[in-house]
Structures are given as structure tokens and as C-alpha cells.
Amino acid sequence: MLPDKKRVILVVGPTAVGKTRFAIELAKNIGGEIISADSRYLYRGMDVGTAKPTPEELNTIPHYMINVADPDEVWSLAAYQNETVRLINEILDKGKFPIIVGGTGQYIRALTEGWQVPEMVPNTALRNVLMDWGYQIGAGELHRKLAVLDTIAADFIDASNIRRTIRALEVIFTTGKRFSELRVKDGPAYDYWIIGLIMPRKELFARADERVDVMLKGGLVSEVKGLLDRGYNPLLPSMSAIGYKEVVLYLEGKITLDEARQLIIKNTHQFIRRQANWFKPTDSRIHWYQMDPYPLEIALRDLADKELGNT
RNA sequence: GCCGAGAUAGCUCAGUUGGUAGAGCACACGACUGAAAAUUGUGGGGUCGCCAGUCCGAUCCUGGCUCUCGGCA
């Protein structure tokens with residue numbers, strides 16, 4: 001099978017479903033290189049708690065967008081998108097298949113739907129001002145201010161979602177344009193083939209729970225302690241990752257280790273549910289595969305059929 | 001056996017000066033355009049332990065019973 005002109009493959013699905021292994025095997029079979037679409041793999045030194053691929057796994061197939069930033073660097077959707085589009089072209093130029101793998105639904109969607117993210121770099125000072133304002137008058141009232149300036153944006157941002165409200169106001173105040181107008185969808189720039197991996201939620205939860213214990217035994221606490229010792233602020237976006245924020249609470253003596261474990265499990269379940277909002281079973285663009293029996297062969301066959309134009 | 005406390009959603013518990021009930025978690029579903037493993041919205045679910053009494057009306061008051069927990073024997 002030869003690489004198509006603009007074919008890009010994606011492997012999506014909830015955390016702990018088994019994307020990493022599947023993608024590597026897929027890449028080996030079709031001559032692909034892997035671009036991570038996981039907002040937590042970006043950071044160096046955050047390995048155990050993010051279930052990052054092992055160094056051996058990273059060596060078998062070229063991987064990108066992993067370990068590209070220190071934990072105190074702030075990444076974003078737009079930055080991710082820009083960098084990834086560049087990498088896709090690079091891999092295509094080499095005559096290989098780009099395989100985008102990850103569980104960060106927003107990153108995936110932005111790519112597959114061709115989002116034009118508003119050109120407006122976050123303005124921390126402005127955000128802080130808006131945040132203070134929001135706390136004074138209340139999230140609902142701040143949202144009402146937004147409604148005056150941009151009815152459409154106010155419509156798709158929940159009234160109590162102060163963070164989204166602030167971003168919209170930030171963009172409006174800085175650009176003088178409506179946030180809703182800048183929120184453009186260009187449609188897919190490549191011929192995306194989206195593979196969705198899924199398993200019954202109960203099993204998924206069980207796997208995720210097991211993984212939490214593996215992480216704790218595998219040195220999650222000392223990893224977090226190391227990050228704090230190196231001076232990384234627990235309030236950094238990177239440190240808001242599941243597994244990290246809870247262990248920070250434990251290290252600060254606010255909760256016990258067992259409470260931290262329970263919290264991580266709880267937050268992971270909620271995360272899996274939220275991920276399902278981006279990857280829906282009803283989404284006709286996604287080719288869904290149950291993980292049992294292992295779907296590599298079928299997925300390869302479906303892909304081959306697609307290449308031959310039979311689909 | 002005696003004394004005390006308790007029995008309310010799947011779990012932990014709050015509550016009703018008597019007018020058939022709530023919160024967190026769990027579970028399910030949704031939003032999202034430069035913080036996204038973030039932030040955020042909605043929903044289903046209860047014969048309020050059992051029986052009797054008082055009352056227009058009992059989950060709440062009274063009596064009995066069953067069970068649980070703690071203390072004493």
C-alpha cells in the first residue's frame with residue numbers, strides 16, 4: 001500500500017483504551033509516523049502519571065509532540081494545531097503516513113474540522129483583570145456583559161463557565177471583533193481516516209483503575225515530588241493533570257495517600273465521560289472498533305479497502 | 001441481658017417546629033475555537049426499617065417489633 005497524497009490517519013478514544021500500542025502496531029504495518037494528540041504528553045518529566053509511551057515504545061516508531069515542553073511552558077490549542085499541521089506535511093513529504101494518536105478531543109476536532117482558532121495570544125494581565133471582575137460581580141453577571149457584546153457567543157458559552165466567558169471577552173476587548181465571528185470552521189484540510197477504539201465503559205473504568213495503582217507503585221508520588229522540588233508551581237496548567245493535582249494535595253498533607261488514590265480514580269472516570277463528548281459513537285466520521293477481539297487486522301483491512309477506493 | 005445511639009437515593013449523610021424530601025459521591029447525557037487530563041450545564045433514581053395509634057394529614061409525634069453500632073455486664 002502506498003501513501004496517498006494527503007491521507008492522514010487518526011486513532012482516537014478514551015484514556016486507557018489502548019491507543020498507544022495499537023497506533024505503534026498500525027504504524028509498523030503501514031509505514032507511519034506518530035504525532036501525539038495528547039495535551040499531557042507535551043511535557044517533559046511528566047511520564048508516570050500521564051501513562052506516556054515508554055522510551056522503548058518511542059524508539060520503535062518516530063513520535064512527535066511528546067516531550068516538547070517543560071512543565072512551566074504553557075501550550076495551547078492554536079500552538080498545537082500550528083505545529084501539528086507542519087509535522088503532517090513533513091511526514092507526508094517523506095512519503096510516510098502521519099498517524100495522529102490521542103485523547104485530547106479538542107485538539108483532534110480542531111484538526112479534523114479545520115478550526116481557524118482566533119489569532120489572539122492569551123493576555124494574562126487582561127485575564128486576571130477579567131477574573132477579578134468576574135469574582136466581584138459573579139460569573140452570571142459577567143456572562144450577561146458578554147451577551148451584550150456578543151449574543152451568539154453568550155449562547156454557546158454556559159453562563160457559569162467563567163473561564164470561557166473570560167476568553168471570549170478577552171478576544172472581543174483586544175480585537176474589537178465578536179468572538180463568535182472569529183470562530184471559524186474551514187472543514188478538513190486532509191483526507192482524514194479516523195479510527196475510534198472503544199470498549200464497554202465498565203471494563204474501561206476497571207482498566208483505568210488498575211492503571212492508577214500501577215502509577216502509584218511506579219513512582220508517581222516521587223515524580224510529583226521531583227517536579228515540586230524543581231520549583232514547578234502546582235497551579236501551572238501542566239500540573240492540573242489528573243494524578244498530579246491529587247498527589248500534590250497529598251504531599252501538602254491535605255489528604256491521605258489513599259484519599260488521593262480515590263480522587264484520581266474518580267477524576268479519571270469523569271474524564272473518560274467528558275472525552276466521550278468529543279468522540280461519540282454516533283459520529284459517522286469515526287470508524288469504531290471494539291478492543292475485543294483485538295481490531296488491528298480488521299482496521300488494516302478496512303484501511304486497505306479504503307485505499308483501493310472500495311469504500 | 002441492661003443502657004445509649006441509629007435505621008432517609010447504589011454509598012455517606014442532611015432535613016422536615018407534622019403538609020409524602022435534599023447534598024456530595026456514584027451513574028447517564030450535554031457544552032466547548034490560543035488553560036482542554038482545563039472549565040462547565042442537565043438528568044434519572046427514594047412505598048424516609050416494619051406494624052399499629054394520635055391527627056384532616058405521619059418520613060417527622062406515641063407505642064411495639066426487627067435490625068445495626070457503641071458501652072456495660
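The structure displayed is predicted, hence computed values, not measured ones. Chain letters run A, B, ... following the sequence lines, proteins first, then strands; residues in each count from 1.
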- Query: Got a sec? Which of residues 214-231 of chain A come in under 4.0 Å of RNA chain B, heavy atoms?
  - Reply: none

- Using modelled atom types only, decide if a donor and an acceptor are shared between the side chain of A:N82 and the backbone of A:A78 within a distance under 3.5 Å. yes

What nitrogen or oxygen pairs link the protein and nucleotides 10-12 of chain B at under 3.5 Å?
none

- Query: Quick one: which of B:rA31, B:rG34, B:rU40 gets closest to the side chain of A:N277?
  - Reply: B:rA31

- Message: So A:Q116, base contact, sugar-phosphate only, or nothing? Heavy-atom distance under 4.0 Å.
- Response: base

- Task: Classify the nucleic acid contact of A:W278 as base, sugar-phosphate or nothing, counting any heavy atom under 4.0 Å across all strands shown.
- Result: base

- Message: Under 4.0 Å from OP1 or OP2 of B:rA26: is there any side-chain N or O of A:Q270 that close?
- Response: yes

- Message: Please pick, from B:rA36, B:rU40, B:rC25, the nucleotide with the shortest atom-to-atom distance to any side-chain atom of A:T104.
- Response: B:rA36

- Query: Distance between the P atoms of B:rU62 and B:rU54, in whole angstroms?
  - Reply: 16 Å

- What nucleotide among B:rG34, B:rA36, B:rU39 has an atom nearest to a side-chain atom of A:Q106? B:rA36

- Is there a donor and acceptor pair closer than 3.5 Å between the side chain of A:D158 and the base of B:rG30? yes

- Take atom C1' in B:rA23 and the same atom in B:rC2, then report the distance between them in whole Å. 38 Å

- Message: So does A:A16 get a backbone contact from the side chain of A:R207, meaning a donor-acceptor N/O pair under 3.5 Å?
- Response: yes

- Rounded to whole angstrom units, what separation is found between the CG atom of A:L130 and the C1' atom of B:rU39? 16 Å

- Would you say A:S160 reaches B:rG41's phosphate, i.e. side-chain N/O to OP1/OP2 under 4.0 Å? yes

- Describe the nucleic acid contact of A:R127 in one word from base, sugar-phosphate, nothing, applying a heavy-atom distance below 4.0 Å. base

- Message: So for A:N161 and B:rU40, does any side-chain atom that can act as donor or acceptor lie under 3.5 Å from a complementary atom in the base?
- Response: no

- Query: Which atom pair, heavy atoms only, marks the closest approach of A:I162 to A:M131?
  - Reply: CD1-SD, 4.5 Å

- Quantified in whole Å, what is the P atom distance between nucleotide B:rG24 and nucleotide B:rG70? 31 Å

- Query: Do A:Y192 and A:E113 have side-chain atoms, one donor and one acceptor, less than 3.5 Å apart?
  - Reply: no

- Task: Check whether A:V214 and A:V221 end up in the same hydrophobic cluster, where Ile, Leu, Val, Met, Phe, Trp and Tyr are linked by side-chain heavy atoms less than 4.5 Å apart.
- Result: no

- Query: Expressed as a whole number of Å, how far does the P atom of B:rC61 sit from that of B:rA14?
  - Reply: 15 Å

- Message: Using a 4.0 Å heavy-atom cut-off, does A:V184 contact any base of the nucleic acid, only the sugar-phosphate backbone, or nothing at all?
- Response: base

- Query: So A:D283 and A:R285, salt bridge (Lys or Arg N to Asp or Glu O under 4.0 Å) or not? Walk me through it.
  - Reply: CA-CA 6 Å; A:D283 190 334; A:R285 296 166 300 183; 2.9 Å; yes

- A:K52 and A:N67: side-chain donor and acceptor closer than 3.5 Å? yes

- Rounding to the closest angstrom, what is the interatomic distance between B:rC13 and B:rU66 at atom C1'? 23 Å

- Closest to side chain of A:K280, choosing from B:rA31, B:rC32, B:rG34: B:rA31

- Task: Would you indicate what A:D38 reaches in the nucleic acid, counting non-hydrogen atoms under 4.0 angstrom: base, sugar-phosphate, or nothing?
- Result: base

- For A:T50, report the nucleic acid contact type (base, sugar-phosphate, nothing); a contact means any heavy atom under 4.0 Å. base

- Query: Starting at CG of A:L126 and ending at C1' of B:rG34, how long is that distance when rounded to a whole Å?
  - Reply: 14 Å

- Give one of base, sugar-phosphate or nothing for A:G243, where a contact means two heavy atoms less than 4.0 Å apart. nothing

- Note on the structure: Rounded to whole Å, the CZ-P distance (A:R274 to B:rU40) equals 10 Å

- Tell me, which of residues 197-209 of chain A have any heavy atom that sits under 4.0 Å from an atom in RNA chain B? A:R201, A:F205

- Shortest non-hydrogen separation from A:M65 to A:L42 and the atoms involved: O-CD2, 3.6 Å

- Query: Under 30°, 30 to 60°, or over 60°: which ring-plane class applies to A:Y107 and A:Y80, parallel, tilted or perpendicular?
  - Reply: parallel

- Message: For the P atoms, the ones on B:rG22 and on B:rG15, what distance do you get once it is rounded to whole angstrom?
- Response: 15 Å

- Applying side-chain contact (heavy atoms from CB on, under 4.5 Å), run through A:D47 and A:E223 and close with a yes or a no. CA-CA 8 Å; A:D47 305 329; A:E223 181 172 278; 3.7 Å; yes

- Item | A:I152, CD1: over 12 other non-hydrogen atoms inside 6.0 angstrom | no

- Note on the structure: To the nearest angstrom, the CZ-P distance between A:F271 and B:rU39 comes to 12 Å

- Is A:E113 touching bases, backbone alone, or none of the nucleic acid, heavy atoms closer than 4.0 Å? nothing

- Item | Qualifying residues under ring pair (Phe, Tyr, Trp, His ring centres under 6.0 Å), relative to A:F179, sequence neighbours excluded | none

- Give the nucleotide from the list B:rG30, B:rG34, B:rA36 with an atom nearest to the side chain of A:R40. B:rA36

- For the side chain of A:F156, counting heavy atoms from C-beta on, which of B:rG34, B:rA36, B:rC32 is nearest? B:rC32

- Item | Residue pairs fulfilling salt bridge (charged side-chain N to carboxylate O under 4.0 Å, His left out) with at least one residue in residues 64-77 of chain A, sequence neighbours excluded | A:R44-A:D70

- Message: Would the distance check show the side chain of A:H143 and the main-chain N or O of A:A154 forming a donor-acceptor pair, the cut-off being under 3.5 Å?
- Response: yes

- Task: Please map the stems of RNA chain B, keeping only stretches of three or more Watson-Crick or G-U wobble pairs with both distances under 3.5 angstrom.
- Result: B:1-7 with B:66-72, B:10-13 with B:22-25, B:27-31 with B:39-43, B:49-53 with B:61-65

- Message: Taking atom OH as the centre, does A:Y294 end up with more than 12 heavy-atom neighbours from other residues, nucleotides or ligands that are less than 6.0 angstrom away?
- Response: yes

- If you look at every strand shown and take non-hydrogen atoms under 4.0 Å, does A:K185 touch a base, only sugar-phosphate, or nothing? base

- P gap between B:rA5 and B:rU47, integer Å: 27 Å

- Message: Looking at every non-hydrogen atom in both residues, tell me the closest pair between A:V48 and A:G219 and how far apart they are.
- Response: CG1-C, 4.3 Å

- Message: For A:R178, is the CZ atom crowded, meaning more than 12 foreign heavy atoms sit under 6.0 Å from it?
- Response: no

- OP1 or OP2 of B:rA36 under 4.0 Å from side-chain N/O of A:Y107: yes

- Task: Just compare B:rA31, B:rA36, B:rG34 and give me whichever is closest to any side-chain atom of A:F179.
- Result: B:rG34

- Message: Would you measure the distance from the P atom in B:rU59 across to the matching atom in B:rU68 and give it in whole Å?
- Response: 25 Å

